[in-house]
Amino acid sequence: MPRLPKFKIAQPNIEKYFDKLSQKVFYAKDLKELFEENRQSWGLTQSLRAEDFIVELINQSRLQEITLHSPNYNKTLTRYSWDAAPSVYQVALLIKPNSFFSHHTALLLHKLTRDTSKIVYLNTEQSKKPSLSKTLEQNRIDLAFKGKGRTTQYFFNYKKWKIFCISGKNTGNLGVEDLQISKSEKVPVTNIERTLIDISVRPIYAGGVYQVLDSFEEAKGKFSVEKLIAILKQLDFTYPYHQVIGFYMERAGYSNSELDSIRKIKMEYDFYLDYEMKEKDYSKEWKVYFPKDL
């Protein structure tokens with residue numbers, strides 16, 4: 001004999017309530033809070049548990065359970081959607097609170113790349129840490145960039161997508177803005193200036209150095225160089241990433257007046273466009289090693 005539901009979702013006020021909500025994707029705690037807030041107006045008994053309420057919403061209404069699995073960490077997350085087909089961005093933002101989109105995903109949302117790979121980069125900043133000594137030595141830079149750069153292996157599968165979770169440096173979400181990506185959807189994403197910095201620092205999260213160069217070309221006339229420099233200074237990197245940015249800008253055909261803003265920043269060390277480069281060439285102006293075939 002089939003189990004009888006503890007309440008009937010046929011009550012129109014419950015469905016109408018969810019239809020009117022602007023929020024369409026939920027954590028379990030969100031649904032539990034709505035349940036407690038509306039229990040009386042929905043005519044639900046005091047004996048009904050929030051967990052059973054969620055189960056019956058799935059059984060009797062348009063609420064759907066979303067399962068995200070991280071194969072490398074053997075971790076599974078459960079989220080919920082009132083929308084039949086939430087966007088991958090809506091789902092991704094429920095993996096970790098206070099997250100935003102960066103790197104290749106930011107390039108895509110700003111229309112700075114034609115690469116539509118089914119990959120999303122979700123950035124969640126780390127907690128603030130004590131400042132460390134920032135003394136640089138050329139031999140240590142050389143040694144670091146001979147090796148392989150660190151990349152996250154923490155991702156979740158969602159339909160045909162891979163959602164990579166990045167633990168970013170604590171910046172107070174510097175350069176993150178809400179971007180309208182459709183009539184009904186606005187998402188937090190790094191602005192163009194911050195995005196160009198991020199992909200210069202971690203080209204692997206943008207599709208590689210060739211894609212980074214293409215994106216600098218696409219970005220011409222769409223951002224402020226002075227704003228980029230201001231954000232770069234606030235990010236306060238140990239490594240001289242301004243040399244990398246200057247190199248990309250020159251190769252992408254930026255004007256001398258734009259390049260002069262970068263040239264004014266001191267260049268004391270030889271630096272690298274990417275990790276683990278096999279055949280390299282060298283830019284004397286920017287003191288940067290880059291792949292020979294770039």
Side-chain angles (χ1 to χ4, degrees), residues 24-25 66-79 81 83 85-126 148-169 171 173 175-182 184-219 222-223 241 244 248 273-277 291 294:
K24 297 299 179 185
V25 287
I66 297 170
T67 302
L68 303 165
H69 182 64
S70 177
N72 292 341
Y73 287 76
N74 195 26
K75 184 175 182 179
T76 299
L77 302 179
T78 301
R79 303 293 185 256
S81 171
D83 192 332
S87 75
V88 66
Y89 306 113
Q90 291 175 306
V91 173
L93 287 169
L94 286 187
I95 291 176
K96 289 188 175 183
N98 304 315
S99 297
F100 56 90
F101 299 112
S102 64
H103 297 85
H104 179 269
T105 307
L107 291 178
L108 190 63
L109 295 176
H110 286 299
K111 298 181 172 58
L112 298 179
T113 179
R114 297 178 183 85
D115 178 10
T116 56
S117 301
K118 299 288 186 183
I119 293 173
V120 168
Y121 288 101
L122 184 73
N123 204 322
T124 311
E125 294 193 346
Q126 303 169 40
K148 197 170 185 177
R150 289 178 297 168
T151 57
T152 181
Q153 297 302 310
Y154 186 31
F155 69 87
F156 287 89
N157 291 316
Y158 173 65
K159 296 184 177 178
K160 295 180 180 179
W161 295 82
K162 278 185 169 62
I163 304 171
F164 282 87
C165 299
I166 301 171
S167 294
K169 175 182 178 178
T171 70
N173 286 11
V176 177
E177 300 174 351
D178 286 334
L179 182 68
Q180 196 80 41
I181 62 172
S182 70
S184 60
E185 192 171 1
K186 189 183 281 188
V187 296
V189 59
T190 51
N191 61 23
I192 293 178
E193 291 84 359
R194 171 72 190 269
T195 301
L196 293 175
I197 294 169
D198 286 347
I199 64 174
S200 299
V201 173
R202 282 284 183 269
I204 194 167
Y205 292 154
V209 294
Y210 306 94
Q211 177 58 66
V212 174
L213 180 56
D214 287 346
S215 294
F216 268 88
E217 290 174 354
E218 290 287 339
K222 298 176 183 176
F223 74 99
Y241 286 110
V244 170
Y248 280 125
L273 211 65
D274 201 3
Y275 289 87
E276 210 175 20
M277 292 184 291
L294 185 66

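Positions are given from 1, in the same order as the sequence printed here.
- Of the possible polar contacts, none joining the Ser215 side chain to the Thr113 backbone as a donor-acceptor pair under 3.5 Å is found.
- Residue Val187 comes nearest to Tyr89 through the heavy atom pair CG1-CB, 4.1 Å, listed as atom of the first residue, atom of the second, then distance.
- For Lys186, the NZ atom sits in a loose shell: 12 or fewer heavy atoms of surrounding residues, nucleotides or ligands are nearer than 6.0 Å.
- Shown here for Phe156 and Lys75, the closest heavy-atom pair between the two residues is CE2-O, 3.9 Å.
- Between the side chain of Thr78 and the main chain of Thr67, no donor-acceptor pair closer than 3.5 Å is present.
- Formation of a donor-acceptor pair under 3.5 Å by the Tyr205 side chain with backbone atoms of Thr152 is found in this model.
- Qualifying side-chain hydrogen bond (donor to acceptor under 3.5 Å, both in side chains) partners for Thr124, counting only residues two or more places apart in sequence or in other chains: Ser99.
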Given the rule in the side-chain contact (heavy atoms from CB on, under 4.5 Å) test, do Phe223 and Asn191 qualify, once you have shown the distances and angles that lead to the verdict?
-> CA-CA 9 Å; Phe223 74 99; Asn191 61 23; over 6 Å; no
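- Taken to the nearest 0.5 Å, the CD1 atom of Ile181 stands 11.0 Å off from the NE2 atom of His110.
- In this structure, Ala92 and Leu122 approach most closely via the heavy-atom pair O-CD2, 3.2 Å.
- At least one side-chain heavy atom of Pro188 sits under 4.5 Å from a side-chain heavy atom of Leu93.
- With Glu185 contributing its side chain and Ser182 its backbone, the two residues share no donor-acceptor pair below 3.5 Å.
- Considering only residues two or more places apart in sequence or on other chains, Glu177 meets the salt bridge (charged side-chain N to carboxylate O under 4.0 Å, His left out) condition with Lys227.
- The aromatic rings of Tyr248 and Phe216 sit parallel, their planes meeting at an angle under 30°, below the 60° perpendicular limit.
- For the atom pair NZ of Lys169 and CG of Asp198, the computed distance is 11.0 Å after rounding to the nearest 0.5 Å.
- Atoms CD1 and CD, from Ile204 and Gln211 in turn, are 13.5 Å apart once rounded to the nearest 0.5 Å.
- Evaluation of the salt bridge (charged side-chain N to carboxylate O under 4.0 Å, His left out) rule for Glu125 yields no partner, not counting sequence neighbours.
- Checked by atom type and distance alone, the side chain of Asn72 pairs as donor or acceptor with a backbone atom of Gln153 at under 3.5 Å.
- Partners of Thr195 by side-chain hydrogen bond (donor to acceptor under 3.5 Å, both in side chains), not counting sequence neighbours, listed by chain and number: Thr190.
- No more than 12 heavy atoms of other residues, nucleotides or ligands lie within 6.0 Å of CG in Asn98, so this atom counts as exposed by the packing criterion.
- Nearest heavy atoms, Thr105 versus Ile119: OG1-O, 3.9 Å.
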Extract all donor-acceptor atom pairs below 3.5 Å that involve side chains of residues 158-167 and protein atoms in other chains or at least two apart in sequence.
none

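- For residues 94-123, every residue pair satisfying the salt bridge (charged side-chain N to carboxylate O under 4.0 Å, His left out) rule, not counting sequence neighbours, is listed here: Arg114-Glu218.
- Rounding to the nearest 0.5 Å gives a distance of 10.5 Å between CG of Asn123 and CZ of Phe101.
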